[in-house]
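These notes concern the structure reproduced below.
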Amino acid sequence: MVSALGLGTWQFSKGSGMVGKFWPEADNQAVEEIVQISLEGGINWFDTAEIYGNGKSEEALADALIKIPELSEEALIATKWWPMFRTAGSITKTIDERIQALKGKTIDLYQIHQPFSFSSVRKEMKQMASLIESGKIRYAGVSNFDAAKMGEAHNVLKSHGFTLASNQVKYSLADRRIERNGVLNTAKELGISIIAYSPLEQGILTGKFHKNPDLIKKMSGPRKHFSHFKPAALKCTQPLIDLLDKLALEYSVSASQIALNWTVHYHGETVVAIPGASKKHHAEENIGTLAFKLSQKHLDEIDRVSKECALK
(Lines give C-alpha, C1' and ligand atoms only; values in the text may rest on other atoms or scores of the structure.)
Protein backbone atom coordinates (compact mmCIF):
# COMPACT_ATOMS: atom_id res chain seq x y z
CA MET A 1 0.00 0.00 0.00
CA VAL A 2 1.35 3.40 -0.96
CA SER A 3 0.47 6.81 0.40
CA ALA A 4 -1.68 9.01 -1.86
CA LEU A 5 1.41 11.11 -2.48
CA GLY A 6 4.89 9.89 -3.22
CA LEU A 7 7.92 12.09 -3.70
CA GLY A 8 9.27 12.63 -7.20
CA THR A 9 13.07 12.88 -7.11
CA TRP A 10 14.01 14.19 -10.54
CA GLN A 11 15.30 17.21 -8.61
CA PHE A 12 17.96 15.03 -6.97
CA SER A 13 19.83 14.59 -10.28
CA LYS A 14 22.77 16.74 -9.10
CA GLY A 15 22.75 18.64 -12.39
CA SER A 16 24.16 15.60 -14.17
CA GLY A 17 23.24 14.39 -17.64
CA MET A 18 20.92 16.00 -20.12
CA VAL A 19 17.73 15.81 -18.04
CA GLY A 20 19.56 16.45 -14.77
CA LYS A 21 20.21 20.03 -15.83
CA PHE A 22 16.47 20.74 -15.83
CA TRP A 23 16.61 21.62 -12.11
CA PRO A 24 19.11 23.52 -9.96
CA GLU A 25 21.50 21.19 -8.13
CA ALA A 26 20.34 20.21 -4.63
CA ASP A 27 23.06 19.59 -2.04
CA ASN A 28 23.11 16.47 0.14
CA GLN A 29 21.78 18.24 3.23
CA ALA A 30 18.77 19.57 1.32
CA VAL A 31 18.03 16.12 -0.09
CA GLU A 32 18.23 14.55 3.36
CA GLU A 33 15.90 17.17 4.86
CA ILE A 34 13.37 16.73 2.05
CA VAL A 35 13.36 12.93 2.42
CA GLN A 36 13.07 13.10 6.20
CA ILE A 37 10.22 15.63 6.16
CA SER A 38 8.40 13.51 3.59
CA LEU A 39 8.69 10.34 5.66
CA GLU A 40 7.71 12.08 8.90
CA GLY A 41 4.67 13.56 7.15
CA GLY A 42 3.27 10.24 5.96
CA ILE A 43 4.79 9.80 2.48
CA ASN A 44 6.04 6.21 2.22
CA TRP A 45 7.38 5.94 -1.35
CA PHE A 46 9.82 7.66 -3.67
CA ASP A 47 10.02 7.74 -7.45
CA THR A 48 13.34 8.02 -9.23
CA ALA A 49 14.87 6.87 -12.54
CA GLU A 50 18.04 5.81 -14.27
CA ILE A 51 17.89 8.83 -16.58
CA TYR A 52 17.70 11.28 -13.67
CA GLY A 53 21.34 12.30 -13.63
CA ASN A 54 22.51 8.91 -14.93
CA GLY A 55 21.81 7.33 -11.56
CA LYS A 56 22.68 10.36 -9.42
CA SER A 57 19.08 10.73 -8.22
CA GLU A 58 18.94 7.07 -7.22
CA GLU A 59 22.22 7.44 -5.31
CA ALA A 60 21.14 10.63 -3.54
CA LEU A 61 17.83 9.08 -2.54
CA ALA A 62 19.50 5.92 -1.22
CA ASP A 63 22.08 7.93 0.73
CA ALA A 64 19.33 9.99 2.36
CA LEU A 65 17.31 6.91 3.31
CA ILE A 66 20.39 5.21 4.78
CA LYS A 67 20.99 8.26 7.01
CA ILE A 68 17.59 7.83 8.70
CA PRO A 69 17.07 4.05 9.13
CA GLU A 70 14.51 4.49 11.89
CA LEU A 71 12.19 6.30 9.46
CA SER A 72 13.06 4.61 6.17
CA GLU A 73 12.91 0.94 7.08
CA GLU A 74 9.57 0.47 5.29
CA ALA A 75 10.04 3.14 2.60
CA LEU A 76 9.22 1.96 -0.92
CA ILE A 77 11.29 2.78 -3.99
CA ALA A 78 10.15 3.07 -7.59
CA THR A 79 12.70 3.54 -10.35
CA LYS A 80 12.74 3.27 -14.15
CA TRP A 81 14.67 1.68 -17.01
CA TRP A 82 15.49 4.04 -19.90
CA PRO A 83 14.55 2.29 -23.18
CA MET A 84 15.77 4.71 -25.88
CA PHE A 85 18.16 2.98 -28.34
CA ARG A 86 18.01 -0.23 -26.29
CA THR A 87 16.45 -3.67 -26.60
CA ALA A 88 14.45 -5.52 -23.97
CA GLY A 89 17.51 -7.58 -23.02
CA SER A 90 18.97 -4.46 -21.43
CA ILE A 91 16.27 -4.60 -18.74
CA THR A 92 17.79 -7.69 -17.14
CA LYS A 93 21.39 -6.90 -18.10
CA THR A 94 21.36 -3.52 -16.33
CA ILE A 95 19.22 -4.27 -13.28
CA ASP A 96 22.28 -4.80 -11.08
CA GLU A 97 23.44 -1.27 -12.00
CA ARG A 98 20.15 0.07 -10.67
CA ILE A 99 20.44 -1.96 -7.48
CA GLN A 100 24.03 -0.74 -7.04
CA ALA A 101 22.99 2.90 -7.53
CA LEU A 102 20.30 2.36 -4.89
CA LYS A 103 22.95 0.96 -2.52
CA GLY A 104 21.34 -2.46 -2.45
CA LYS A 105 17.87 -1.26 -1.51
CA THR A 106 14.86 -3.18 -2.83
CA ILE A 107 13.28 -1.99 -6.07
CA ASP A 108 9.61 -2.18 -5.18
CA LEU A 109 8.41 -0.91 -8.57
CA TYR A 110 10.42 -1.03 -11.80
CA GLN A 111 8.99 0.92 -14.71
CA ILE A 112 9.60 1.19 -18.46
CA HIS A 113 10.22 4.94 -18.63
CA GLN A 114 8.64 5.51 -22.03
CA PRO A 115 7.31 3.37 -24.89
CA PHE A 116 10.05 3.92 -27.48
CA SER A 117 12.76 1.27 -27.77
CA PHE A 118 14.13 -1.31 -30.23
CA SER A 119 11.90 -4.02 -28.72
CA SER A 120 8.19 -4.75 -28.44
CA VAL A 121 6.06 -4.31 -25.33
CA ARG A 122 5.71 -8.08 -25.19
CA LYS A 123 9.47 -8.64 -25.03
CA GLU A 124 9.90 -5.89 -22.42
CA MET A 125 7.20 -7.33 -20.17
CA LYS A 126 8.69 -10.81 -20.52
CA GLN A 127 11.96 -9.43 -19.14
CA MET A 128 10.10 -7.61 -16.34
CA ALA A 129 8.34 -10.86 -15.42
CA SER A 130 11.71 -12.61 -15.19
CA LEU A 131 12.94 -9.92 -12.79
CA ILE A 132 9.91 -10.45 -10.56
CA GLU A 133 10.44 -14.20 -10.64
CA SER A 134 14.10 -13.81 -9.69
CA GLY A 135 13.30 -11.43 -6.83
CA LYS A 136 15.21 -8.52 -8.35
CA ILE A 137 12.07 -6.36 -8.31
CA ARG A 138 8.69 -6.67 -6.61
CA TYR A 139 6.31 -5.13 -9.18
CA ALA A 140 6.42 -3.93 -12.79
CA GLY A 141 5.01 -0.71 -14.19
CA VAL A 142 5.17 1.50 -17.25
CA SER A 143 5.34 5.22 -17.90
CA ASN A 144 3.93 7.40 -20.69
CA PHE A 145 2.15 4.40 -22.27
CA ASP A 146 -1.07 4.98 -24.20
CA ALA A 147 -4.17 2.90 -23.45
CA ALA A 148 -3.42 0.22 -26.04
CA LYS A 149 0.21 -0.34 -25.00
CA MET A 150 -0.75 -0.27 -21.32
CA GLY A 151 -3.39 -2.93 -21.96
CA GLU A 152 -0.90 -5.04 -23.88
CA ALA A 153 1.66 -4.78 -21.07
CA HIS A 154 -1.00 -5.85 -18.58
CA ASN A 155 -1.99 -8.87 -20.66
CA VAL A 156 1.60 -10.06 -21.15
CA LEU A 157 2.35 -9.86 -17.43
CA LYS A 158 -0.94 -11.61 -16.68
CA SER A 159 0.13 -14.52 -18.89
CA HIS A 160 3.17 -14.89 -16.60
CA GLY A 161 1.04 -14.76 -13.45
CA PHE A 162 1.64 -11.10 -12.60
CA THR A 163 -0.21 -7.81 -13.01
CA LEU A 164 0.81 -4.39 -14.27
CA ALA A 165 0.99 -2.22 -11.17
CA SER A 166 0.99 1.26 -12.67
CA ASN A 167 1.26 3.69 -15.55
CA GLN A 168 3.08 6.92 -14.73
CA VAL A 169 1.72 9.74 -16.89
CA LYS A 170 1.45 13.52 -16.92
CA TYR A 171 -1.76 14.55 -15.21
CA SER A 172 -2.93 17.68 -13.41
CA LEU A 173 -5.84 20.10 -13.24
CA ALA A 174 -4.22 21.89 -16.19
CA ASP A 175 -3.60 18.74 -18.24
CA ARG A 176 -6.42 16.20 -18.20
CA ARG A 177 -5.77 14.45 -21.49
CA ILE A 178 -5.70 10.97 -19.93
CA GLU A 179 -9.41 11.38 -19.18
CA ARG A 180 -10.13 11.68 -22.90
CA ASN A 181 -7.62 9.37 -24.58
CA GLY A 182 -8.63 6.15 -22.84
CA VAL A 183 -5.70 5.85 -20.44
CA LEU A 184 -7.67 6.62 -17.26
CA ASN A 185 -10.67 4.46 -18.21
CA THR A 186 -8.45 1.51 -19.16
CA ALA A 187 -6.53 1.84 -15.90
CA LYS A 188 -9.78 1.75 -13.93
CA GLU A 189 -11.03 -1.29 -15.86
CA LEU A 190 -7.81 -3.26 -15.33
CA GLY A 191 -7.07 -2.15 -11.77
CA ILE A 192 -3.89 -0.31 -12.75
CA SER A 193 -2.78 2.66 -10.66
CA ILE A 194 -2.15 5.98 -12.37
CA ILE A 195 0.93 7.77 -11.04
CA ALA A 196 0.49 11.45 -11.88
CA TYR A 197 3.71 13.32 -12.56
CA SER A 198 3.84 17.13 -12.82
CA PRO A 199 0.64 17.30 -10.72
CA LEU A 200 1.25 21.02 -10.09
CA GLU A 201 2.09 21.62 -13.76
CA GLN A 202 5.68 22.72 -13.10
CA GLY A 203 4.47 25.15 -10.42
CA ILE A 204 1.69 26.82 -12.40
CA LEU A 205 -1.01 25.54 -10.03
CA THR A 206 0.65 27.16 -7.03
CA GLY A 207 -0.54 30.50 -8.45
CA LYS A 208 2.80 32.20 -7.83
CA PHE A 209 3.42 32.85 -11.53
CA HIS A 210 -0.04 34.39 -11.94
CA LYS A 211 0.61 36.74 -9.06
CA ASN A 212 4.13 37.62 -10.20
CA PRO A 213 4.76 36.87 -13.91
CA ASP A 214 8.27 38.31 -13.59
CA LEU A 215 9.24 35.07 -11.84
CA ILE A 216 8.99 33.31 -15.19
CA LYS A 217 11.80 35.43 -16.65
CA LYS A 218 14.05 34.51 -13.71
CA MET A 219 13.53 30.75 -14.07
CA SER A 220 16.49 28.58 -15.04
CA GLY A 221 16.28 25.78 -17.60
CA PRO A 222 13.71 25.25 -20.34
CA ARG A 223 10.66 25.31 -18.09
CA LYS A 224 9.87 28.99 -18.77
CA HIS A 225 9.28 28.16 -22.44
CA PHE A 226 6.50 25.65 -21.72
CA SER A 227 3.05 26.55 -23.04
CA HIS A 228 1.44 26.95 -19.60
CA PHE A 229 3.80 29.85 -18.84
CA LYS A 230 2.72 31.90 -21.86
CA PRO A 231 0.60 35.02 -21.13
CA ALA A 232 -2.47 33.61 -22.89
CA ALA A 233 -2.27 30.38 -20.89
CA LEU A 234 -1.89 32.28 -17.61
CA LYS A 235 -5.00 34.27 -18.46
CA CYS A 236 -6.91 31.08 -19.27
CA THR A 237 -5.99 29.38 -15.99
CA GLN A 238 -6.61 32.48 -13.83
CA PRO A 239 -10.21 31.47 -12.88
CA LEU A 240 -8.90 28.09 -11.71
CA ILE A 241 -6.19 29.76 -9.63
CA ASP A 242 -8.79 32.10 -8.15
CA LEU A 243 -10.90 29.11 -7.10
CA LEU A 244 -7.91 27.27 -5.62
CA ASP A 245 -7.02 30.41 -3.64
CA LYS A 246 -10.59 30.76 -2.41
CA LEU A 247 -10.76 27.15 -1.23
CA ALA A 248 -7.30 27.41 0.29
CA LEU A 249 -8.65 30.11 2.63
CA GLU A 250 -11.71 28.02 3.46
CA TYR A 251 -9.63 24.93 4.34
CA SER A 252 -6.74 26.91 5.88
CA VAL A 253 -4.25 25.32 3.47
CA SER A 254 -2.41 26.44 0.32
CA ALA A 255 -3.60 26.53 -3.29
CA SER A 256 -1.11 23.81 -4.25
CA GLN A 257 -2.45 21.56 -1.49
CA ILE A 258 -5.96 22.03 -2.84
CA ALA A 259 -4.77 21.10 -6.34
CA LEU A 260 -2.95 18.00 -5.13
CA ASN A 261 -5.85 16.95 -2.92
CA TRP A 262 -8.19 17.06 -5.91
CA THR A 263 -5.74 15.00 -7.98
CA VAL A 264 -5.55 12.10 -5.53
CA HIS A 265 -9.22 12.06 -4.47
CA TYR A 266 -11.37 12.91 -7.48
CA HIS A 267 -10.98 9.46 -9.09
CA GLY A 268 -11.17 7.44 -5.90
CA GLU A 269 -8.05 5.34 -5.34
CA THR A 270 -6.99 5.10 -9.00
CA VAL A 271 -4.69 8.13 -9.03
CA VAL A 272 -1.68 8.82 -6.82
CA ALA A 273 0.71 11.70 -7.42
CA ILE A 274 4.41 12.43 -7.18
CA PRO A 275 5.05 16.15 -6.65
CA GLY A 276 8.73 16.98 -6.42
CA ALA A 277 10.54 19.07 -3.85
CA SER A 278 13.77 20.96 -4.33
CA LYS A 279 13.48 22.88 -1.06
CA LYS A 280 12.45 22.05 2.48
CA HIS A 281 9.26 24.10 2.30
CA HIS A 282 8.17 22.24 -0.84
CA ALA A 283 8.24 18.98 1.12
CA GLU A 284 6.26 20.60 3.93
CA GLU A 285 3.69 21.77 1.39
CA ASN A 286 3.39 18.27 -0.04
CA ILE A 287 2.72 16.49 3.25
CA GLY A 288 0.07 19.06 4.22
CA THR A 289 -2.02 17.62 1.40
CA LEU A 290 -2.43 14.37 3.32
CA ALA A 291 -4.03 16.07 6.34
CA PHE A 292 -7.46 16.83 4.84
CA LYS A 293 -9.94 15.82 2.13
CA LEU A 294 -11.99 18.11 -0.09
CA SER A 295 -15.77 17.75 0.06
CA GLN A 296 -17.53 16.23 -2.95
CA LYS A 297 -19.09 19.62 -3.66
CA HIS A 298 -15.67 21.24 -3.90
CA LEU A 299 -14.17 18.35 -5.87
CA ASP A 300 -16.94 18.83 -8.44
CA GLU A 301 -16.57 22.62 -8.49
CA ILE A 302 -12.83 22.35 -9.18
CA ASP A 303 -13.54 19.75 -11.86
CA ARG A 304 -15.93 22.09 -13.67
CA VAL A 305 -13.67 25.14 -13.61
CA SER A 306 -10.58 23.11 -14.51
CA LYS A 307 -12.20 21.73 -17.64
CA GLU A 308 -12.47 25.26 -19.05
CA CYS A 309 -8.69 25.68 -19.18
CA ALA A 310 -7.11 22.21 -19.15
CA LEU A 311 -5.30 20.80 -22.17
CA LYS A 312 -7.76 18.90 -24.36
Is it true that the side chains of [X] and [Y] contain a donor and an acceptor less than 3.5 Å apart?
X: Glu58; Y: Thr48; value: no
X: Gln111; Y: Ser143; value: no
X: Asp300; Y: Gln296; value: yes
X: Ser90; Y: Trp81; value: yes
X: Glu179; Y: Tyr171; value: yes
X: His210; Y: Thr237; value: yes

Distance (rounded to the nearest 0.5 Å) between [X] [atom1] and [Y] [atom2]:
X: Arg138; Y: Ile107; atom1: CZ; atom2: CD1; value: 12.0 Å
X: Trp82; Y: Ile51; atom1: CH2; atom2: CD1; value: 5.0 Å
X: Met1; Y: Leu76; atom1: CE; atom2: CG; value: 11.0 Å

ask   = Residues two or more places apart in sequence or in another chain: which of them pass side-chain contact (heavy atoms from CB on, under 4.5 Å) with Val272?
value =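 In terms of side-chain contact (heavy atoms from CB on, under 4.5 Å), with neighbours along the sequence ignored, Val272 is linked to Val2, Trp45, Ile195.
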
Salt bridge check: are Lys307 and Asp303 linked by an N-O gap of less than 4.0 Å?
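Result for this pair is yes, salt bridge flagged.
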
Does [X], at its [atom1] atom, have more than 12 non-hydrogen atoms belonging to other residues, nucleotides or ligands within less than 6.0 Å?
X: Lys103; atom1: NZ; result: yes
X: Glu40; atom1: CD; result: yes
X: Lys297; atom1: NZ; result: no

Among Ile112, Val156, Val142, find the residue that satisfies the side-chain contact (heavy atoms from CB on, under 4.5 Å) test when tested with Glu124.
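Exactly one option meets the side-chain contact (heavy atoms from CB on, under 4.5 Å) with Glu124, and it is Ile112.
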
Subject >> Tyr266: ring-ring contact (aromatic ring centres under 6.0 Å, His included) partners, not counting sequence neighbours >> reply: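 Per chain and number, Tyr266 pairs via ring-ring contact (aromatic ring centres under 6.0 Å, His included) with Trp262.
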
*Taking His113 for the side chain and Pro83 for the main chain, is one N or O donor matched with an acceptor at less than 3.5 Å?*
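The answer is no, because no donor-acceptor pair under 3.5 Å joins these two groups.
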
- Would you find a donor on one side and an acceptor on the other, under 3.5 Å apart, between the side chain of Asn261 and the backbone of Thr289?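 Flag set: sc Asn261 to bb Thr289 pair under 3.5 Å.
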
Can you give the donor-acceptor pairs under 3.5 Å from side chains of residues 185-192 to other protein atoms, not counting sequence neighbours?
| from | atom 1 | to | atom 2 | distance (Å) |
| --- | --- | --- | --- | --- |
| Thr186 | OG1 | Gly182 | O | 2.8 |
| Lys188 | NZ | His267 | ND1 | 3.3 |

